[in-house]
Amino acid sequence: MNAQPRRVEHQQTDKGSVPVYTTAVVEQPWSTYKTEDHATWATLFRRQREILENRAAREFLDNQRKFGMTPDAIPKFDDLNKVLRKATGWELIGVEGLLPELTFFDHLANRRFPVTWWLRRPDQIDYISEPDLFHDLFGHVPLLLNPVFADYMEAYGCGGVKAHGIGAEALSTLTRLYWYTVEFGLIKQDDGLRIYGSGIVSSKGESIHCLESPAPNRLGFDLERIMRTRYRIDTYQKTYFVIDSYEQLMKATEPDFTPIYTRLAKQESIPAGQILQADKVYHQGTGEGWANDGDV
Ligand code: PHE
Ligand code: FE
C-alpha cells in the first residue's frame, strides 16, 4: 500500500464536484512513503524531464536543478524550503489536497505555497484529476524561485482574497487568469514558445500537445481577454496564451481589478476555442478533435 490521503468531503464548485480535505497544514509524512511511491516519483520525474528538455521555460528546468530535485527520491519539503526561503521568502506547507478558495488565497498572500503531500498511485501515472505531490512540487514550485513570478503569486493571493469578498462572479473571472497563466501558460523565449504552466509540465500528453499539435490556438497574453475566456477541465486546452516575460504578467495585473470585474460582468464570456479580431495570433488552431461542449 502506498501512502493514502485523508479526504473529508466533496464540494460542488465551478470545476464540478471536487474532494475537499482538511484545511490543516500537515507535516510531510516523508517516512511513510513506500518504495512504490519513490518509484512513481522517479518514473514521472525522468519522463517529464526528458519531454520538457526543449519544451519548458529554461528557468523552470534550471530551478529544479537549483532545488536539487532528482529522480532518486521524493523531495523533502524541509530541504526545498531551505533553498526557497533564502531565495524569495516563500515557504512550502504540506496539505492533504485542494483547499477551500479563501484558505488557498490566504496562504499565497502570505507567501506560503500549499503542496499536497501524497503522490498518485501507479495506475494514475498518466492522468489524475486532482493535484497531487507531483503536480504541486514538480509543476508549481520551481518558478517560486523566480523573484518576479514569486511576487506575482503573492499578488494573486491578495487579489483572490479581494475577489472572494466581491462575489462569485469576480472570483470565477480571476480564476480564469490563474488557469491561463499559472496552470496553462506559455512564454516566448528567444528560441521559441516554451511552457511555464504547471498543469502542462506535469502532464506528459499536454506538454507535447500544447506546443506541437496544430489543434489549439496560441494567442498573445491579454488580461481582460483572458478573464473573459472559458476553459477546459477535462480535455487539453483549446487555447494557450503566451506571455513575453514574467514582468509583463506582473505589470498587467498591477491595477486594481475591482472596476474590471464590474465591466466584465456586463460582457459575454468567450468560448475556450474562439479567436477574436483583436487577438495576437501565434497559431490559429485547426480545432481538430475538439469537443463542442464542456467549456467551464
Ligand atoms: N491587481 C489585482 C487586484 O486588484 C490583484 C492581482 C494581482 C490579481 C496579480 C492577480 C494577479 O485584484
Ligand atoms: Fe495547480
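Remember, it's 1-based here, ligands and their atoms both numbered in the order they're listed.
- Residue pairs meeting the side-chain hydrogen bond (donor to acceptor under 3.5 Å, both in side chains) criterion with at least one member in residues 283-296, sequence neighbours excluded, are Arg232-Asp295.
- The Fe ion (ligand 2) has no N, O or S atom of Asp136 inside 2.8 Å of it.
- Taking the charged nitrogens against the carboxylate oxygens, Asp123 and Arg121 do have a contact shorter than 4.0 Å, which makes a salt bridge.
- Ionic pairing of Glu53 and Arg58 is present here: one or more N-O contacts between side-chain nitrogen and carboxylate oxygen are shorter than 4.0 angstrom.
- In this structure, OG1 in Thr181 is found 7.0 Å from CZ in Phe221, a value given to the nearest 0.5 Å.
- Ligand 1 lies under 4.0 Å from heavy atoms of Tyr152, Ala155, Tyr156, Gly159, Lys162, Leu174, Leu177, Thr253, Glu254, Pro255, Asp256, Phe257.
- Distance CZ/Arg55 to CG/Leu52: 8.0 Å, rounded to 0.5 Å.
- With the Fe ion (ligand 2) as the vertex, NE2 (His140) and OE2 (Glu183) define an angle of 100°, rounded to 10°.
- Taking the six-membered ring for Trp, Tyr231 and Phe184 have ring centres at least 6.0 Å apart.
- The closest side-chain donor-acceptor pair between Gln28 and Tyr33 falls under 3.5 angstrom.
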